[in-house]
Asks: 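Have a look at this one.
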Amino acid sequence: MASHRRPVLAANWKMNHGPTEAAAVIETFLQRHAARDDRTVIMFPPAISLAAVREHTRERTDVKLGVQNVHTAEKGAFTGEISAGMAADAGASFVLVGHSERRHLFGETDEQTAQKCARVVAAGLTPVLCVGELLEQRERGETETVVLTQLRAGVSQLAVGDVRTMLVAYEPVWAIGTGRTATPADATAVHRVIREALRERVGASALDIPILYGGSVNASNAAALLAADQVDGLLVGGASLEPVGWASICGA
Ligand code: PEP
């Protein structure tokens, strides 16, 4: 890990923990995880639980909040959706864009991730652009092509200055929720490719863009992944749901 990038530990709760449970979980987590100025924690609860988590994290400037998805439009007749502006108003600072579940379960396209990133930035929020290949794509040797296509599309509508302040998460789809984790060396190899593509787009300041790894991270493998070259943080799904384990990952 490059020393000038402060590690980011991000929790994606997906469709788990309604407001009551979210409040209890975050409270226990905060008791177990003392504020540290050498790392940033970002919580991505379901949007409906954001207020509950916000209420409990007001005093903790080390803990930031985000939402898991927003719509491409600013507002309108899109029943069930939320906009980036609403997420900002509710206290979010970050938005996951292009998570593999959005791409593969809900059919989100590269064009939509591009529009969402632009919308997120326009609302004053920071996108965390998720990229990653399917198992069959890895087996066909297409990892680099897939990841670069998703990355280039995702940033295509952003100004250079906005790319410089965003985050990227490499999440191989075969590792998400499967218990199968990329090795630190696997992660480093893909993160290097991502870093190089970012450098082509924004120059030397690509070194400052955090690239997180995600995919079956847990308390046992977090430290090794975090120590890997080019891995600037972790995006954690299942293992972030339980507060004691999540605190242990945040202390890795
Ligand atoms: C995720 O959903 O971003 C994720 C990495 O999930 P898990 O940690 O459960 O594999």
Side-chain angles (χ1 to χ4, degrees), residues 7-17 21-22 25 29 33 40-47 49-50 53 64-70 87 92-108 113 116-117 120 126-135 137-138 143 146-147 150-151 154 166-184 186-188 190-191 194 210-226 228 230-252:
V8 175
L9 287 308
N12 175 16
W13 282 356
K14 312 192 188 196
M15 199 174 73
N16 296 287
H17 295 338
E21 206 173 8
V25 168
F29 167 70
H33 177 73
T40 300
V41 172
I42 311 175
M43 303 301 303
F44 292 93
S49 301
L50 192 70
V53 175
K64 316 283 183 206
L65 303 181
V67 294
Q68 301 166 15
N69 181 42
V70 292
S93 303
F94 296 86
V95 181
L96 292 180
V97 179
H99 188 277
S100 72
E101 285 149 19
R102 299 302 317 171
R103 292 179 190 270
H104 299 294
L105 299 180
F106 297 97
E108 188 168 308
T113 66
K116 289 182 182 190
C117 281
V120 166
T126 302
V128 180
L129 176 64
C130 303
V131 298
E133 81 285 5
L134 296 163
L135 181 59
Q137 292 169 326
R138 170 161 281 252
T143 299
V146 170
V147 165
Q150 293 174 346
L151 179 72
M166 72 187 289
L167 286 74
V168 176
Y170 169 54
E171 299 207 299
V173 182
W174 47 270
I176 297 183
T178 59
R180 199 176 153 188
T181 318
T183 63
D186 287 336
T188 295
V190 180
H191 285 218
I194 293 172
I211 305 176
L212 318 186
Y213 168 79
S216 294
V217 173
N218 57 44
S220 310
N221 60 26
L225 286 159
L226 206 50
Q230 300 296 327
V231 174
D232 309 315
L234 303 170
L235 177 53
V236 184
S240 71
L241 293 173
E242 189 280 306
V244 177
W246 174 229
S248 145
I249 292 172
C250 290

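Only this structure's heavy atoms are used, side chains among them; waters, hydrogens and symmetry mates stay out. We count ligands from 1, going down the list as the structure has it; atoms in each ligand are counted the same way. What you see is a predicted model; the values in this text were computed from it and never measured.
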Asks: Which residue and atom name correspond to the protein heavy atom nearest atom 9 (O) of ligand 1, and how close is it?
Replies: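 Nearest protein contact, heavy atoms only, for atom 9 (O) of ligand 1 is Gly238 N, 2.8 Å.
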Asks: Check whether His17 reaches the backbone of Leu241 with its side chain - one donor and one acceptor, N or O, closer than 3.5 Å.
Replies: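 Yes, His17 side chain to Leu241 backbone: donor-acceptor pair under 3.5 Å.
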Asks: Could you pull out the closest heavy-atom pair between Gly132 and Val146, with the gap in Å?
Replies: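 Closest approach of Gly132 to Val146: O-CG1, 4.0 Å.
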Asks: Can you list the atoms of ligand 1 that are under 4.0 Å from a heavy atom of Asn12?
Replies: 1 (C), 2 (O), 3 (O)
Asks: Do you know which two heavy atoms are closest between Ala182 and Ala187, and how far apart they sit?
Replies: CB-N, 4.5 Å
Asks: Can you give me the closest heavy-atom contact between Ser216 and Thr181, atom names plus distance?
Replies: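 In terms of heavy atoms, the two residues are closest at O-OG1, 3.2 Å.
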Asks: Does any N or O in the side chain of Trp13 come within less than 3.5 Å of the main-chain N or O of Met43, such that one atom is a donor and the other an acceptor?
Replies: no
Asks: In the protein, which heavy atom is nearest to atom 8 (O) of ligand 1, and how far is it?
Replies: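 Answer, as residue, atom name and distance: Gly237 N, 2.8 Å.
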Asks: Could you check if a side-chain atom of Lys14 sits within less than 4.5 angstrom of a side-chain atom of Phe44, using non-hydrogen atoms only?
Replies: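 No. Closest side-chain heavy atoms not under 4.5 Å.
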Asks: Could you list the atoms of ligand 1 found under 4.0 angstrom from a heavy atom of Ser216?
Replies: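 Here the atoms of ligand 1 in question are 7 (P), 8 (O), 10 (O).
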Asks: Nearest to atom 1 (C) of ligand 1, what protein heavy atom do you find, and at what distance?
Replies: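 Scanning the protein heavy atoms, the shortest distance from atom 1 (C) of ligand 1 goes to His99 NE2, 3.2 Å.
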Asks: Which of the atoms of ligand 1 are close to Gly215, meaning less than 4.0 Å from one of its heavy atoms?
Replies: 5 (C), 10 (O)
Asks: Can you sort out which atoms of ligand 1 are near Gly177, meaning under 4.0 Å from one of its heavy atoms?
Replies: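 Counting from 1, the qualifying ligand atoms are 7 (P), 9 (O), 10 (O).
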Asks: Assess whether side chain to side chain contact (heavy atoms under 4.5 Å, CB included) is satisfied between Glu108 and Asn69, documenting all intermediate values.
Replies: CA-CA 11 Å; Glu108 188 168 308; Asn69 181 42; 3.9 Å; yes
Asks: At what distance is the nearest protein heavy atom to atom 3 (O) of ligand 1, and which residue and atom is it?
Replies: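 Scanning the protein heavy atoms, the shortest distance from atom 3 (O) of ligand 1 goes to Glu171 OE2, 2.7 Å.
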Asks: Of all the atoms in ligand 1, which lie at a distance below 4.0 Å from a heavy atom belonging to Ala175?
Replies: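 The atoms of ligand 1 under 4.0 Å from a heavy atom of Ala175 are 10 (O).
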